[in-house]
2 protein chains.
Amino acid sequence: MVEQAETLRRTPLSRDRVLHSAVALADQAGIESLSMRNLAQELGVVPMALYKHVANKDELLDGMIDVVVGEIDPPLAGTGWQPALRARILSARQVLRRHPWAPLAIESRNMATPAILAYIDSTIEILLTDGFSTDLTHHVMHALGSRVLGFSQELFDTARDAGRTGAADPIPPAALPPEVAARFPHVAAIATAAAHDDTTVVGAGCDDQFEFEFALDLLLDGIDRLRQQGWTST
Amino acid sequence: MVEQAETLRRTPLSRDRVLHSAVALADQAGIESLSMRNLAQELGVVPMALYKHVANKDELLDGMIDVVVGEIDPPLAGTGWQPALRARILSARQVLRRHPWAPLAIESRNMATPAILAYIDSTIEILLTDGFSTDLTHHVMHALGSRVLGFSQELFDTARDAGRTGAADPIPPAALPPEVAARFPHVAAIATAAAHDDTTVVGAGCDDQFEFEFALDLLLDGIDRLRQQGWTST
DNA sequence: AATCTAGGTGTACGGCGTACACCTGTCAAG
DNA sequence: CTTGACAGGTGTACGCCGTACACCTAGATT
């Protein structure tokens, strides 16, 4: 009976189970507490067991990224490039908001995983099939940069430390303390201007989603203008 | 004589020396080999000595970021907002190209250091003093995102692993291997189109600086258009 | 029945950040 | 001239990390 319990104590572990557990752990506890040891414990297994399914921690991270990128919706068909691209990027953004650790993980792994390449490939396809030149498409991809994956690195990123200590954190986004407001008057001007909107608390008065779409549309409009004037070379 | 050698063996260490040594080490050997132990060795000192000058490694990183941000040129005076902003951002970019580890470090430290706040403050000032509303300024800062600090996170970042193994690395940027070109035809189309420019080797045919300025100007032009049409609300 | 093998285990190593007790040279106050 | 405080460098030790490597074991294959 001990043998039975040991024998069928778990669905037997697999690369997929490892990857999804890792994603869940990073979502809940923050990426900085994702260690091979913690992950193994979560799975009721000894740390070295993981190495039968992923080569090492870097490959684990790559796998986690692929899981996340795989959650992004496929492109819309039958619309123009602009709605299709816009919808796709906003879908990517929604996905990444569920996995706040992902942007940093993606950026730090400095080469594209197959899933990211596939995502980029199908994104490029949106443009090419709507008549963009390869040159313009290339520049457009650079212009969008990481926004194409749903994130822009905000200098004040509130989402990054989601998870971690649980919801008990008593600190609201900390409407800048008076001494910094004094030293940096223009930052303060912007912050307080944003704060007296209708949003909940004083410090948080900045609608991330709105800002993201604002910047995205600014780019998309500029791109459309280039295209309509038959963009050629520099 | 041993005593003398020991007594004046080094300029006596200071927060500044620690910080600048750390930056130099990260520049040369890559951020991943910047450990308290390595840094101490570089300075001819025992690891714990560093803690008399920086509270811990996180604070060390913050200090390094401040060193880097401090290298960015101050804003141009007497020009319009657009040349001033453009020049500043390109200066920031130049600085960050000397310190390839910095973008990731900045992004991972999720809160602004005083130097970054000062930089942002004076950048906002450029816009406000040229008549931008606080609202538009706010959105503009979000639209620029990290580009305001001179970097956009490219999905294929070649600059990130500068330093590290020295210049002995025999691998050129690896003009995508045929099997990935087959699986991702649109990526391949873009890449090969870029490759037959006049640039050195086949794989590297993508001018980062041009792409950065292209995207930057796309944004700046869009912003200018908003401003000239007296941008009000959503 | 013998063997192979996929997959979980246990031990151990070197590196990391850093807490904490300690020493030592300098310099000001008595 | 002594004394004692203190700034700053030292040494040891702890707990965490990733992971190499040898081992075991249950089921499938021959």
Side-chain angles (χ1 to χ4, degrees), chain A residues 1-23 25-26 29-65 101 104-105 108-110 164-165, chain B residues 1-23 25-26 29-65 101 104-105 108-110 164-165:
Chain A
M1 131 199 204
V2 168
E3 289 155 17
Q4 271 196 15
E6 274 177 6
T7 302
L8 34 100
R9 66 181 168 288
R10 286 262 177 205
T11 52
L13 206 51
S14 70
R15 183 176 164 91
D16 240 54
R17 247 167 63 74
V18 169
L19 259 33
H20 281 87
S21 265
V23 168
L25 182 55
I31 190 75
E32 76 284 350
S33 47
L34 175 75
S35 65
M36 298 303 270
R37 290 165 144 96
N38 283 347
L39 178 55
Q41 185 165 16
E42 202 78 5
L43 287 160
V45 111
V46 86
M48 286 311 293
L50 302 175
Y51 288 84
K52 290 283 155 63
H53 301 277
V54 296
N56 50 46
K57 191 173 181 182
D58 280 357
E59 215 219 51
L60 173 72
L61 283 171
D62 283 347
M64 292 169 65
I65 290 172
W101 49 270
L104 212 91
S108 60
R109 302 233 40 63
N110 84 21
R164 190 139 71 225
T165 60
Chain B
M1 133 200 204
V2 169
E3 288 154 16
Q4 271 194 15
E6 274 176 4
T7 302
L8 31 101
R9 68 182 168 284
R10 287 260 177 207
T11 51
L13 207 55
S14 72
R15 184 176 163 90
D16 241 54
R17 249 168 63 73
V18 169
L19 258 33
H20 281 86
S21 265
V23 168
L25 182 55
I31 190 74
E32 76 284 350
S33 48
L34 174 76
S35 66
M36 298 303 270
R37 290 166 144 96
N38 283 347
L39 178 55
Q41 186 164 15
E42 203 77 7
L43 287 160
V45 111
V46 87
M48 287 311 293
L50 303 175
Y51 289 85
K52 290 281 156 63
H53 301 276
V54 297
N56 50 47
K57 189 171 183 182
D58 280 356
E59 215 219 50
L60 174 72
L61 284 171
D62 283 347
M64 293 169 64
I65 289 171
W101 48 270
L104 212 93
S108 61
R109 304 231 39 64
N110 84 22
R164 189 140 71 226
T165 59

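Below, chains carry the letters A, B, ... as their sequence lines are ordered, and counting in each starts from 1.
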Checklist entry - Taking all non-hydrogen atoms of both residues, which atom of A:Ala40 and which atom of A:Pro47 are closest, and how far apart? => result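 Scanning both residues completely, I find the closest heavy atoms to be CB-CA, 3.4 Å.
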Checklist entry - Counting just side-chain N and O atoms, does B:His53 come under 4.0 Å of either OP1 or OP2 of D:dG9? => result yes
So do [Y] and [X] actually touch side chain to side chain, heavy atoms under 4.5 Å?
X: B:Trp101; Y: B:Glu32; value: no
X: B:Asn38; Y: B:Glu42; value: no
X: B:Leu43; Y: B:Leu13; value: yes

Interatomic distance, [X] [atom1] vs [N] [atom2] [rounded to whole Å]:
X: B:Leu13; N: C:dT24; atom1: CG; atom2: C1'; answer: 16 Å
X: B:Leu39; N: C:dG17; atom1: CG; atom2: C1'; answer: 13 Å
X: A:Asn38; N: D:dC16; atom1: CG; atom2: P; answer: 10 Å
X: B:Gln41; N: C:dC16; atom1: CD; atom2: P; answer: 10 Å
X: B:Ile31; N: C:dC16; atom1: CD1; atom2: P; answer: 14 Å
X: A:Leu50; N: C:dT9; atom1: CG; atom2: P; answer: 10 Å

Next on the checklist: Counting only side-chain heavy atoms from C-beta out, which of C:dC16, D:dG9, D:dC17 sits nearest to A:Ser35?
Outcome noted: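 Selected nucleotide (nearest to the side chain): D:dC17.
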Checklist entry - Of B:Val23, B:Val45, B:Leu60, which meets side chain to side chain contact (heavy atoms under 4.5 Å, CB included) against B:Val18? => result B:Leu60
Report each atom pair, protein N/O against N/O of nucleotides 18-22 of chain C, whose distance is under 3.5 angstrom.
| unit_1 | atom_1 | unit_2 | atom_2 | d |
| --- | --- | --- | --- | --- |
| C:dT18 | OP2 | B:Tyr51 | OH | 2.9 |
| C:dT18 | OP2 | B:Lys57 | N | 2.9 |

Expected list for residues 50-57 of chain B: side-chain donor-acceptor pairs under 3.5 angstrom, two or more places apart:
| unit_1 | atom_1 | unit_2 | atom_2 | d |
| --- | --- | --- | --- | --- |
| B:Asn56 | OD1 | B:Asp58 | N | 3.2 |
| B:Asn56 | OD1 | B:Glu59 | N | 2.9 |
| B:Lys57 | NZ | B:Leu34 | O | 2.8 |

